[in-house]
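Report on the structure given below.
A quick note: this is a predicted structure, and the numbers were derived from the prediction, not measured. In what follows, every chain begins at residue 1, and chains take the letters A, B, ... in the order their sequences are listed.
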Amino acid sequence: MKIQAINGFKDILPDSALLWQQIEQRARDIFQRFGMREIRVPIMEKTDLFVRSIGEATDVVEKEMYTFTEKSITMRPEATASIMRAFIENGMHVQQPVQRLFTIGPMFRHERPQKGRQRQFHQLDAEIIGAQEPQVDAELIAMGQMLLDELGINTSLEINSLGCPACRPPFRTKLVNYLELHQDALCDDCKRRTTTNPLRVLDCKKSTCKAIAKDAPSILDSLCENCSDHFSLVRQALQDLGISFTINRFMVRGLDYYTQTTFEFLTSDLGAQAAVGAGGRYDGLIEQLGGPALPGIGFAMGIERIVLLMEQKNNGTSLTQNTDCFIAALGQEANKPCSQLTHQLRLRGINAAMDYSGRSLKAQMKQANRVHARFVLIVGENELKQEEAVLRDMKTQKQQVFSLAGSVSEQGERLAPVLRA
RNA sequence: GUGAGCGUAGCUCAGCUGGUGGUAGCACCGGGUUGUGGCCUCGGAGGUCGUGGGUUCAAGUCCCAUCGCUCACCCCA
């Protein structure tokens, strides 16, 4: 039996990891521009936290969680619940009336893997807690848009409002009544959804169901005055920031805690997975978890999905990690002084590499090329005797003599500036 | 949980109606270049054809089972 990774759990190999670093770095940069501060929360929580926040009847909770039943702890399927728990537990609202937080890390859902979907996957997650102004909704959405733009990813933005505890239940009743009139024309899934998750029928991909959804009562017509005002101010604020969007009154989110504004950044380049990022407002969540009655809004972006999009955009060309200086040691005599010089260079912040195998110069040059060395320092027996080495610039192919006079420390002191230039 | 497709070298794949596993490409190692990379050229190494069973004179190829992967449904980032 061959040892291999668990289904849905993927290695991120070095070449790809460079792209991951780039994405995460860009995300941190942009989040910080928006005043977001990083928070790191555990990847496991008591199962109850997820049940209470995400919702008992959601697919995520019902069938996708990795739960250790003995103590009933669960590997997080998303980050928002954990962050809210940390927020409440540490009384963070006392420190600052508005908390802007982000986290980056792995999430776990026991679904069947497919393109753009892993069982361990990674999210960039941003939350703004304690502010209910519509401008904040727009600001958060703008932040997500800015990140995707700067990464060079084309997405379309769709927004919707799901209402609040005052206006959603009446709408739901209205919708169920409508759907029950059209049961015969709905697909089997949607017949089931009529009772389990009627809003989801509106988002069904089947054309027959779409036709029914088209004339279904719209949540946007059923919003209470407060929600309606909020939604129009969000739209206005997005326009003020120059963010283009379309309204999708059929958009539904899979987690129960969402209220009012919801949004998705969509792509058509990921097969069945359209959402690169998505989020929304969750005004009742913190209180429901036993914290203060504070509003919140957040989004999550799937890093794997971003990586896929970026990889297929610059198809073929991958990022490379460079080496400042490769030291080619010829003969066993050269190994010791070369290893010392390599170390001296590293002490001075230089990315240096060498090979102890005593292979031919040709082989070592090949290795230097493979690690993208900018310079190669060739140290052979002749050079050692004469206290000199050959420094080759791999790009210009020009070579110069480098003196090995003095201690290794002095050598490093002289060589480092040349390599940095 | 459901459905479909696919498992041949580290990777990407040829392999027809069963008849000896491919000078295959990329990557790797070595030579051509007696101490100089990329390009070129020559050579080398690398395989229980996912696994188990069956049919057959003969199975990578056909049949069954099993494991794995992929895509899609459901749902979601």
### Query
Between A:Gln288 and A:Tyr257, is a side-chain hydrogen bond (donor to acceptor under 3.5 Å, both in side chains) present by the stated rule, with each step listed?
CA-CA 9 Å; A:Gln288 184 192 319; A:Tyr257 53 61; over 6 Å; no
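Residue A:Arg119 places no side-chain N or O under 4.0 Å from the OP1 or OP2 atom of B:A77. Using a 4.0 Å cut-off, no side-chain N or O of A:Asn369 falls inside it from OP1 or OP2 of B:U36.
Of the candidates B:C75, B:U36, B:C76, B:C76 carries the atom nearest the A:Arg109 side chain, counting heavy atoms from C-beta on. Ranking B:A77, B:G37, B:C28 by closeness to the A:Met394 side chain, first place goes to B:G37. Taking only side-chain atoms of A:Gln4, from C-beta outward, the nucleotide of B:C69, B:C75, B:G35 with the closest atom is B:C69. Looking at the side chain of A:Gln399, the nearest of the listed nucleotides B:G35, B:C76, B:U36 is B:U36. Of the listed nucleotides (B:U36, B:A77, B:C74), B:C74 has the atom at the smallest distance from the side chain of A:Lys63. Residue A:Lys362 places its side chain closer to B:G32 than to any other of B:C74, B:G32, B:A77. For A:Glu64, the listed nucleotide lying nearest its side chain is B:C75; candidates were B:U70, B:C75, B:C29.
A:Leu199 places its CG atom 13 Å from the P atom of B:C75, with the value rounded to the nearest Å. Atom C1' of nucleotide B:G68 and atom CZ of A:Arg112 are separated by 12 Å, given to the nearest angstrom. A straight line from CG of A:Leu330 to C1' of B:U36 spans 10 Å, rounded to a whole angstrom. Protein atom CZ of A:Arg117 is 10 Å distant from nucleotide atom P of B:C74, rounded to whole Å. We find that CE of A:Met365 is positioned 9 Å from P of B:U36, with the value rounded to whole Å.
B:U12: Watson-Crick or G-U partner is B:A24, with both key distances under 3.5 Å. In this structure, B:C62 forms a base pair with B:G54, meeting either the Watson-Crick or the G-U wobble geometry with both donor-acceptor distances under 3.5 Å.
Note on A:Ala300: only backbone sugar-phosphate atoms sit closer than 4.0 angstrom, heavy atoms only; bases stay farther off. Heavy atoms of A:Ala363 sit under 4.0 angstrom from primed sugar atoms or phosphate atoms, though from no base atom.
Here the shortest heavy-atom pairing between A:Glu78 and A:Ala81 reads OE2-N, 2.9 Å.
Atom C1' of B:C6 sits at a distance of 16 Å from the matching atom of B:U66, rounded to the whole Å.
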